[in-house]
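One structure is given below, encoded as structure tokens.
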Amino acid sequence: MCGSSMSLPAIVPAARKATAAVIFLHGLGDTGHGWAEAFASIRTPHVKYICPHARIMPVTLNMGMAMPSWFDIIGLRTDAKEDVSGIKKAAEDINTLIDQEVKNGIPSNRIVLGGFSQGGALSLYTSLTTQQKLGGIVALSCWLPLQSSFPQASASTANKDIHVLQCHGEADPLVPLVFGSRTVEKLKSFINPANVTFKTYPDMPHSACQEEMMDIKQFIEKQLPPIN
């Protein structure tokens with residue numbers, strides 16, 4: 001998906017015939033395996049969970065150290081310079097993954113795209129710029145990249161009425177809560193505000209918790225109901 005160094009995604013297959021899918025993107029320096037395990041614990045029988053792995057690249061924020069990353073991160077301030085071409089290229093790669101699932105027989109509107117931290121940022125950007133109509137977005141502990149390019153960047157998107165579940169820990173020291181709340185306000189300015197849900201969790205740092213996982217499970221079951 002992202003060139004020759006990209007390995008096959010971690011997959012939690014559906015317990016019966018897959019009629020829907022969740023594509024979930026991990027955070028900086030991680031892989032898809034941990035999130036595949038997390039989704040296995042809240043799985044819905046007709047849903048396939050796909051957790052791709054980012055390729056390894058040098059990351060400016062971490063003094064140029066090479067690690068799994070969807071795009072370069074230069075800084076984590078709200079005014080930090082952003083890797084414009086890297087973000088757009090990564091979004092193309094995720095669109096390719098969506099296309100692959102459509103070819104496998106799952107309509108795009110039966111696919112929820114989500115992610116954590118950097119992966120959540122990429123899931124938001126991809127969903128709001130793609131021409132594929134998606135089933136929903138799960139954006140955890142993250143931000144909207146290239147924020148100043150919106151709403152123009154989403155002019156031709158098929159997802160102006162998409163349902164978004166955005167979650168954030170109130171004690172997040174890495175991606176502070178203000179990143180999440182500003183992102184929600186921005187989203188509500190150009191997609192249907194009634195469809196944007198923002199949940200926060202007291203004492204949760206830059207991670208996930210059981211309450212959040214249950215909220216995600218409910219969102220997925222609502223957006224991707226079984227087909228008889």
Side-chain angles (χ1 to χ4, degrees), residues 9-12 14-15 20-54 68 70 73 76 94 110-128 134-145 159 162-188 191-225:
I11 290 175
V12 181
V22 171
I23 298 173
F24 193 88
L25 313 177
H26 63 74
L28 177 66
D30 199 4
T31 68
H33 294 297
W35 285 103
E37 281 175 32
F39 281 110
S41 71
I42 61 160
R43 69 199 292 190
T44 299
H46 61 278
V47 178
K48 172 186 181 184
Y49 300 86
I50 302 154
C51 300
H53 314 296
W70 300 107
I73 297 182
L76 273 180
I94 303 309
R110 298 278 296 163
I111 297 173
V112 162
L113 183 59
F116 173 78
S117 193
Q118 186 195 39
L122 180 56
S123 72
L124 278 172
Y125 184 82
T126 305
S127 302
L128 299 171
L134 297 173
I137 308 171
V138 174
L140 310 182
S141 305
C142 67
W143 66 96
L144 176 62
N159 294 311
I162 197 164
H163 285 258
V164 182
L165 173 64
Q166 195 172 334
C167 305
H168 218 108
E170 291 176 17
D172 191 330
L174 286 181
V175 180
L177 182 60
V178 67
F179 278 69
S181 47
R182 281 184 187 166
T183 292
V184 165
E185 289 317 305
K186 183 75 175 181
L187 293 179
K188 286 181 173 179
I191 62 174
N192 186 343
N195 294 346
V196 179
T197 302
F198 187 41
K199 289 184 177 276
T200 65
Y201 305 88
D203 306 319
M204 188 173 86
H206 194 62
S207 64
C209 67
Q210 194 55 34
E211 186 189 347
E212 181 185 46
M213 293 307 292
M214 287 300 109
D215 288 336
I216 294 164
K217 179 180 169 70
Q218 284 173 2
F219 178 81
I220 290 169
E221 288 176 350
K222 189 178 176 193
Q223 296 309 121
L224 304 175

Which atoms form the tightest heavy-atom contact between [X] and [Y], and what is the distance?
X	Y	value
Glu212	Cys167	OE2-CB, 3.1 Å
Ala14	Pro45	CB-O, 3.3 Å
Val138	Leu140	CG1-CD2, 3.6 Å
Pro9	His53	C-NE2, 4.0 Å
Arg43	Lys217	O-NZ, 3.6 Å
Val175	His168	O-NE2, 2.6 Å

Has Glu221 got a side-chain atom pairing as donor or acceptor with Thr44's backbone, closer than 3.5 angstrom?
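It does not hold such a pair.
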Is the backbone N or O of Val178 less than 3.5 Å from a side-chain atom of Ser181, with the two atoms forming a donor-acceptor pair by type?
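Yes, Ser181 side chain to Val178 backbone: donor-acceptor pair under 3.5 Å.
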State, with a plain yes or no, whether a side-chain heavy atom of Ser117 is found less than 4.5 Å away from one of His206.
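SC-SC contact between Ser117 and His206 confirmed.
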Any side-chain heavy atom of Leu187 sitting closer than 4.5 Å to one from Leu128?
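Yes; the side chains approach each other to less than 4.5 Å.
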Starting at [atom1] of [X], measure out to [atom2] of [Y] and round the result to the nearest 0.5 Å.
X	Y	atom1	atom2	value
Tyr201	Ser141	OH	OG	9.5 Å
Lys199	Leu165	NZ	CG	7.0 Å
Phe198	Lys188	CZ	NZ	9.5 Å
Leu76	Phe179	CG	CZ	6.0 Å
Asn159	Leu134	CG	CG	4.5 Å
Gln223	Ile111	CD	CD1	14.0 Å

Run the side-chain donor-acceptor check on residues 24-42: report pairs under 3.5 Å with partners two or more places apart or on a different chain.
from: His26; atom 1: ND1; to: Asp30; atom 2: O; distance (Å): 3.4
from: His26; atom 1: NE2; to: Ala54; atom 2: N; distance (Å): 2.9
from: Thr31; atom 1: OG1; to: His33; atom 2: N; distance (Å): 3.3
from: Ser41; atom 1: OG; to: Ala38; atom 2: O; distance (Å): 2.6

Audit row: Leu124, Cys142, side chain to side chain contact (heavy atoms under 4.5 Å, CB included) steps and yes/no:
CA-CA 9 Å; Leu124 278 172; Cys142 67; 4.0 Å; yes
Just wondering, more than 12 heavy atoms not from Arg182 lying within 6.0 Å of its CZ?
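It does not: Arg182 CZ has 12 such atoms or fewer within range.
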Candidates Asn195, Asn192, Ile137 - the one meeting side chain to side chain contact (heavy atoms under 4.5 Å, CB included) with Ile162
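It is Ile137; the other options fail the test.
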Can Val112 and Val47 be said to form a side chain to side chain contact (heavy atoms under 4.5 Å, CB included), step by step?
CA-CA 10 Å; Val112 162; Val47 178; over 6 Å; no
Walk me through whether Val22 and Leu224 qualify under side chain to side chain contact (heavy atoms under 4.5 Å, CB included).
CA-CA 9 Å; Val22 171; Leu224 304 175; 4.2 Å; yes
